[in-house]
Amino acid sequence: MSPYKSFQYIENLSEAVGKEVTLRGWVQNKTGKGKLQFIVLRDGTGICQCVVFKPNTSEELFNDAKSLTQESSIEVKGVVRAEERAPGGFEIDVTDLKIYCLTKDYPITPKEHGDAFLIEHRHLWLRSSRQHAIMRVRAAIVKAIRDFFDGNGFKLMDSPILTPSACEGTSTLFETKYFDLGNAYLSQSGQLYAEATAMSLGKVYTFGPVFRAEHSKTRKHLTEFWMVEPEMAFFDINDDMDLAEDLVEYIVQYTLKNCQQELKLLERDTTKLEKVRRPFHRMSYSDAVDWLVENKIPLKKKIDGKDVDVLPFPWGEDFGTVQEEAIMEQFDKPCIIHRYPSEVKAFYMKRDPNDSRVVLAMDMLGPEKAGEIIGGSQREDDIELLTQRIHNENLPLEDFQWYLDLRRFGSVPHSGFGLGLERVVKWITGAAHIREVIPFPRMIYRIVP
RNA sequence: UCCUGAGUAGCUCAGCUGGUUAGAGCAUCUGACUGUUAAUCAGAGGGUCGGGGGUUCAAGUCCCUCCUCAGGAGCCA
């Protein structure tokens, strides 16, 4: 029972059969037949059917019950009964009813609605059963991530959101005025700061919102999303990949263990998630290109505004959705692709000592068209090579002096990666669109609500 | 940014090669009903057909333009 005595929560009703309880919540749905009214009450922890039968109650109580509308907020009192016919498995016979707010014309009905309408009413859409389930899974996944790192000797570090310049130099950033110091930018990654902190604490992770002002408009993109970025001193690329596999396996298994009800409501095929066990698949970029050539997967390119298929796939080009999905179709668990051409990856990634054309980068692709859920690398720890890469990318060297200090003073091999929270929640819940897995999505043409 | 598609009742949609008063289901309101699960039955109200301009005797329908939205590319997690 709830330690807060004035009312009880629906999730605890199994302990209260035969007892009188007070429930508070919202009317999810109401049906009835003449002298009999069924109120489905939602309180955030579950749903409970409340029954009002006219001959057994006062005229006033029955009329109040009959007047209830979808999403009215109420308090009910009654004795709990186990009832197979009731959604949720329990039912209470109402002996007292208090109406907090009688809702008029609730916009989201139990019928079908379009995407645009629902997202415009996101603040109300969150009350719907699917969205409710997704938010619970999201919370569980965040907890799994924190538990995993906290339980494995990592320290949480909070990286700044306002930064003086681009950290990767590639993405477009949101810009804002910063007093007399010129422009500041909303961070697209906490990695550089995590690297600095790892030199103090050994193993750290930063977990916060990041921002990308790219004009991306797909069901996988948000302009504001949450990313967890571990960074580990003395980890090489293989340690990095092992850790990434451990983390993803832990998240999926934790969710399976703790969110059965939610996944069932979402009609997620959990047998597919059960297969997400180490070891995952691994493939070098070069082997992946060989596979694309063998299977005649072309490079899609725009030449003079026309779409052209380039065959065979040329070594050195980055993979797009077509290539990634083709590769992943053969797998039922994630696959890490590692050692990418240096030209397509960020300046801070370490050159492979065995092949100077590639860097020690790794991307983890999820099955079931989950796409890229992790991107990481071993970091360049040689100050000469790093300075050269900053030059080649035309990045302002002054802004990176503090970052170069990490290589001047006790430089060590180190690695890390970033995991996109929403991409993972989308994959695990099977949500059709990434906007469904964050409470208030920020997208290129939408900032309200 | 580019490409493609869409905008008709509160919601989801139909509306043919232009032709009388623009339709359906759901939702809402009124009434009936003791086990409903998207209840059912009977009745009622509800529209600047995204905005502007044009062609025509006549435009929801054809043309131009603008706006809004969708998801795909590029880029990425």
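Residue numbers begin at 1 in each chain, while the letters A, B, ... track the order of the sequences.
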Point to revise | Separation of atom NE2 in His221(A) from atom P in rA73(B), rounded to whole Å | key: 9 Å
Revision key, fill the gap. Contacts satisfying ring-ring contact (aromatic ring centres under 6.0 Å, His included) that involve residues 19-60 of chain A (not counting sequence neighbours) are none
Check your understanding: Taking only residues at least two apart or on different chains, which pairs with a member in residues 184-196 of chain A satisfy salt bridge (charged side-chain N to carboxylate O under 4.0 Å, His left out)?
Key -> Glu195(A)-Arg407(A)
Exercise for review: Describe the nucleic acid contact of Asp318(A) in one word from base, sugar-phosphate, nothing, applying a heavy-atom distance below 4.0 Å.
Suggested key: sugar-phosphate
Exercise for review: Check Leu41(A), Asp93(A), Leu97(A) against Cys50(A) for a side-chain contact (heavy atoms from CB on, under 4.5 Å) and give me the one that passes.
Suggested key: Leu41(A)
Review point. Is the Lys NZ or Arg CZ of Arg357(A) less than 6.0 Å from the centre of Trp315(A)'s six-membered ring, within 45° of the axis?
Key: yes
**Study point:** Leu124(A) CG - rC11(B) P separation (whole Å)
**Key:** 14 Å
**Study point:** Integer angstrom distance from the C1' of rU8(B) to that of rU48(B)
**Key:** 12 Å
Review point. Phe211(A) has an atom CZ; how far is it from atom C1' of rC75(B), in whole Å?
Key: 19 Å
Review point. Is it the case that Lys333(A) places NZ or CZ above or below the six-membered ring of Phe280(A), under 6.0 angstrom from the centre and within 45 degrees of the axis?
Key: no
Practice item. Give one of base, sugar-phosphate or nothing for Lys54(A), where a contact means two heavy atoms less than 4.0 Å apart. Key: nothing
Practice item. Pick base, sugar-phosphate or nothing for Leu421(A), based on heavy-atom distances below 4.0 Å to the nucleic acid. Key: nothing
Exercise for review: Could you give the distance separating rG51(B) and rC67(B) at their C1' atoms, to the nearest angstrom?
Suggested key: 7 Å
**Study point:** Electrostatic pair Arg435(A):Glu422(A) at N-O distance under 4.0 angstrom
**Key:** no
**Study point:** Asp332(A)/Lys272(A) salt bridge by N-O under 4.0 Å criterion
**Key:** no
Practice item. Please say whether more than 12 non-hydrogen atoms of neighbouring residues, nucleotides or ligands are located less than 6.0 Å from NE2 in His391(A). Key: no
Practice item. When you get a sec, tell me which of rU36(B), rU1(B), rC11(B) is the closest nucleotide to the side chain of Phe117(A)? Key: rC11(B)
Would you tabulate the pairs of protein nitrogen or oxygen atoms and nucleotide nitrogen or oxygen atoms of nucleotides 31-35 of chain B closer than 3.5 angstrom?
unit_1	atom_1	unit_2	atom_2	d
rC33(B)	N3	Gly34(A)	N	3.2
rU34(B)	OP2	Lys35(A)	N	3.4
rG35(B)	OP1	Lys33(A)	NZ	2.5
rG35(B)	O2'	Arg85(A)	NH1	3.4
rG35(B)	N1	Glu91(A)	OE1	3.1
rG35(B)	N2	Gln49(A)	NE2	3.3
rG35(B)	N2	Glu91(A)	OE2	2.6

**Study point:** Atom-to-atom span, NZ of Lys104(A) to C1' of rC29(B) - whole angstrom
**Key:** 8 Å
Check your understanding: When rounded to the nearest Å, what value does the distance between C1' atoms of rU61(B) and rA22(B) take?
Key -> 12 Å
Check your understanding: Can you check the His113(A) NE2 to rG10(B) P distance for me, whole Å?
Key -> 14 Å
Practice item. Answer with base, sugar-phosphate or nothing: what part of the nucleic acid does His215(A) contact at a heavy-atom distance below 4.0 Å? Key: base
Practice item. Using atom NZ of Lys30(A) as one end and atom C1' of rA27(B) as the other, report the distance to the nearest whole Å. Key: 14 Å
Exercise for review: Rounded to whole angstrom, note down the C1' distance from rC69(B) over to rG25(B).
Suggested key: 24 Å
Check your understanding: Are Arg282(A) and Glu245(A) close enough for a salt bridge, meaning some N to O gap below 4.0 Å?
Key -> yes
Check your understanding: Distance between the C1' atoms of rG45(B) and rU4(B), in whole angstroms?
Key -> 40 Å
Practice item. Taking all non-hydrogen atoms of both residues into account, name the closest pair between Ala244(A) and Met362(A) and its distance. Key: CB-CE, 3.8 Å
Check your understanding: Around atom NZ of Lys220(A), are there more than 12 heavy atoms of other residues, nucleotides or ligands at under 6.0 Å?
Key -> yes
Point to revise | Euclidean distance, atom CZ of residue Phe319(A) to atom P of rG74(B) [Å, nearest integer] | key: 13 Å
Practice item. Mark yes or no for a side-chain to base donor-acceptor pair under 3.5 Å between Thr321(A) and rG72(B), with no hydrogen or angle criteria applied. Key: no
Revision key, fill the gap. Thr22(A) meets the side-chain hydrogen bond (donor to acceptor under 3.5 Å, both in side chains) criterion, sequence neighbours left out, with none
Exercise for review: Scan Pro107(A) against the nucleic acid and name what it touches under 4.0 Å (heavy atoms): base, sugar-phosphate only, or nothing.
Suggested key: nothing
Review point. Starting at CD1 of Ile444(A) and ending at C1' of rA73(B), how long is that distance when rounded to a whole Å?
Key: 13 Å
Practice item. Take Lys300(A) and Met227(A), find for each the nucleotide of RNA chain B with the closest heavy atom, and name the residue whose nucleotide sits nearer the 5' end. Key: Lys300(A)
Review point. Under 6.0 Å from the CD atom of Gln330(A), do we count more than 12 heavy atoms belonging to anything else shown?
Key: yes
Practice item. Might you confirm whether atom CD of Glu329(A) has over 12 heavy atoms from other residues, nucleotides or ligands at distances under 6.0 Å? Key: no
Check your understanding: Quantified in whole Å, what is the C1' atom distance between nucleotide rU20(B) and nucleotide rA58(B)?
Key -> 11 Å
Point to revise | RNA chain B base-pair string [pairs: Watson-Crick or G-U under 3.5 Å; |: paired with another strand] | key: (((((((..((((.....[...)))).(((((.......))))).....(((((..]....))))))))))))....
Practice item. Measure distances between side-chain N and O atoms of Thr109(A) and base N and O atoms of rC11(B), and say whether any donor-acceptor pair falls under 3.5 Å. Key: no
Exercise for review: In whole angstrom, give me the gap between the C1' atoms of rG47(B) and rC13(B).
Suggested key: 15 Å
Please write out the pairs of protein N or O atoms and N or O atoms of nucleotides 68-71 of chain B separated by less than 3.5 Å, giving the distance to one decimal.
unit_1	atom_1	unit_2	atom_2	d
rC69(B)	OP1	Tyr445(A)	O	3.2
rC69(B)	O3'	Arg446(A)	NH2	3.4
rA70(B)	OP2	Lys217(A)	NZ	3.2
rG71(B)	OP1	His433(A)	NE2	3.2
rG71(B)	OP1	Arg435(A)	NH1	3.3
rG71(B)	OP1	Arg435(A)	NH2	2.8
rG71(B)	O3'	Arg219(A)	NH2	3.1

Practice item. For rG54(B) versus rA44(B), give the span between their C1' atoms, rounded off to a whole number of Å. Key: 41 Å
